[in-house]
Chemist: 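I have a structure here, written as structure tokens, and I will follow up with some questions on it.
Residue numbers start from 1 in every chain, and the chains themselves are labelled A, B, ... in the order their sequence lines are given, proteins ahead of strands. Only a predicted model underlies this, so the values are computations on that prediction, with no experimental measurement involved. FYI, side chains are in, hydrogens and waters are out, and symmetry mates aren't considered; it's all heavy atoms of this structure.
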There are 2 protein chains.
Amino acid sequence: MGIIRKTKHFQKVLDQFSKQENAISANYLVSHFNDEMNKSTIYRILDKLEDDNIIHSFVGVHGLKWYAKCLDCTVKEHNDNHPHFQCEKCNEVQCISQTNNESKIIDAQFLVKSVFLTGICNRCFSTC
Amino acid sequence: MGIIRKTKHFQKVLDQFSKQENAISANYLVSHFNDEMNKSTIYRILDKLEDDNIIHSFVGVHGLKWYAKCLDCTVKEHNDNHPHFQCEKCNEVQCISQTNNESKIIDAQFLVKSVFLTGICNRCFSTC
DNA sequence: CGCATTATCGCAACTAAGTTGCAATAATAC
DNA sequence: GTATTATTGCAACTTAGTTGCGATAATGCG
């Protein structure tokens, strides 16, 4: 089990995920909480939140680690494998609601656990 | 234009992609050519090969940079967006032939340029 | 072929993200 | 209120990838 004590720092990091539907990079949190908490604290809290299946992690286009809220996961089982989409222009990462279409693609070849898409988001596409 | 002179080093790196269907990590090449060439040389050659649309790059599960051969790309246009699959157990990355199924998933929401899947590959699945 | 030009290379030093060990601090249980 | 121990801050580290610069070698031309 990851989280044991409910500290102020833990609460602050968790709050970020409550008021934000999309994914958040570890890096963003480090600079956002720059003068409130140490970066190792943030990384450790993220580890523990992931341990408890409250958030899940993946790697974005520039090799940075991103975290997003788990939707239907319990402490025991992580079963929220919704796809993520990162825009190459604005770098924002969006969670895509599961459609079950993806599993078809690869069928017998592999057991797919996560889907990561990149491209241009609506907003950036319409402003260029 | 990336590649201008056909040096021995350039040829050696390119050979790796000729005799290998799947993706190769920059990191692998650095240790593979450890006593033959400097790592900055390798990174620079990879940059140039990508510039010329001979290979394309993406980031794998651990944030490492991977490269795979471009199939139907010209120097002017990169149009090979085949999906990649990385196994979480053996870390191997496979190129998946384009099926055009993926574009359906997200349709009007985004312009998808790349698809990256993770999970368990056939070989690892059958040996556990 | 020989030479000048300049792309490429090796080296060392750097950057940035993320990790780790340890002593100090603070949350919890009794 | 105090003891226990999880959490935190700090500094030092690791690892992938980048950069500047002088040395080397590929190419083009006479």
Side-chain angles (χ1 to χ4, degrees), chain A residues 1-17 23-52 54-68 75 84 86 88 91-93 116, chain B residues 1-17 23-52 54-68 75 84 86 88 91-93 116:
Chain A
M1 198 172 63
I3 296 293
I4 305 213
R5 293 181 181 177
K6 300 202 169 174
T7 67
K8 281 178 188 171
H9 286 158
F10 154 76
Q11 199 55 53
K12 277 186 179 180
V13 172
L14 193 58
D15 282 352
Q16 292 293 311
F17 289 96
I24 305 175
S25 72
N27 214 32
Y28 165 81
L29 292 173
V30 168
S31 52
H32 185 253
F33 288 124
N34 187 34
D35 40 10
E36 288 178 75
M37 55 183 111
N38 193 270
K39 65 174 176 171
S40 48
T41 302
I42 295 172
Y43 283 111
R44 283 190 276 231
I45 289 173
L46 291 171
D47 277 354
K48 286 171 189 165
L49 286 171
E50 188 171 21
D51 236 49
D52 285 350
I54 295 169
I55 58 177
H56 58 272
S57 71
F58 55 96
V59 169
V61 285
H62 300 299
L64 295 193
K65 211 164 180 188
W66 289 76
Y67 290 87
V75 176
H84 300 100
Q86 182 164 21
E88 289 169 2
N91 283 324
E92 223 167 86
V93 175
F116 181 71
Chain B
M1 197 173 64
I3 295 294
I4 305 214
R5 293 183 180 176
K6 300 203 169 173
T7 65
K8 280 178 190 172
H9 286 157
F10 155 75
Q11 200 54 54
K12 277 186 179 179
V13 171
L14 193 58
D15 282 353
Q16 292 292 311
F17 289 96
I24 305 176
S25 71
N27 213 32
Y28 165 80
L29 291 174
V30 169
S31 53
H32 184 252
F33 287 124
N34 188 32
D35 41 9
E36 287 178 77
M37 55 183 112
N38 193 270
K39 66 174 175 171
S40 50
T41 302
I42 295 172
Y43 283 111
R44 283 191 275 232
I45 289 173
L46 290 171
D47 277 353
K48 286 171 189 164
L49 285 171
E50 188 171 21
D51 236 47
D52 285 350
I54 295 169
I55 57 177
H56 57 271
S57 71
F58 56 94
V59 168
V61 286
H62 300 299
L64 294 193
K65 211 164 181 189
W66 288 76
Y67 291 87
V75 177
H84 300 100
Q86 182 165 19
E88 289 169 0
N91 284 323
E92 222 167 85
V93 175
F116 181 72

Chemist: Between B:F33 and B:Q16, is there a side-chain heavy-atom distance shorter than 4.5 Å?
Modeler: yes
Chemist: Could you state the atom-to-atom distance from CH2 of B:W66 to P of D:dG17 in whole Å?
Modeler: 11 Å
Chemist: How close or far is atom P of C:dA17 from atom CG of B:L64, stated in whole angstroms?
Modeler: 16 Å
Chemist: Can you check whether A:N27 has a side-chain N or O nearer than 4.0 Å to OP1 or OP2 of C:dA17?
Modeler: yes
Chemist: Taking N and O atoms by type only, does the side chain of A:R44 place a donor or acceptor under 3.5 Å from a partner on the base of D:dG9?
Modeler: yes
Chemist: Is any side-chain N or O of B:R5 under 3.5 Å from a base N or O of C:dT6, one able to act as donor and the other as acceptor?
Modeler: yes
Chemist: From D:dA26, D:dT8, C:dA7, pick the nucleotide closest to the side chain of B:I4?
Modeler: C:dA7
Chemist: Using a distance-only criterion (donor-acceptor N/O pair, under 3.5 Å, no hydrogens), is the base of C:dC11 paired with the side chain of B:S40?
Modeler: yes
Chemist: Could you state the OH-P distance from A:Y43 to D:dC10, rounded to the nearest angstrom?
Modeler: 17 Å
Chemist: For the rings on B:Y67 and B:H56, is their centre-to-centre separation under 6.0 Å?
Modeler: no
Chemist: D:dT8 C1' sits how many Å from A:F10 CZ, rounded?
Modeler: 15 Å
Chemist: Measure distances between side-chain N and O atoms of B:K65 and base N and O atoms of D:dG17, and say whether any donor-acceptor pair falls under 3.5 Å.
Modeler: no
Chemist: Is there side-chain contact between A:L64 and B:V59, with heavy atoms separated by less than 4.5 Å?
Modeler: no
Chemist: Is there a side-chain contact between A:I42 and A:N38 in this structure, where contact means two heavy atoms from C-beta onward sitting under 4.5 Å apart?
Modeler: no
Chemist: With a cut-off of less than 4.0 Å, is there a side-chain N or O of B:K8 near OP1 or OP2 of C:dC9?
Modeler: no
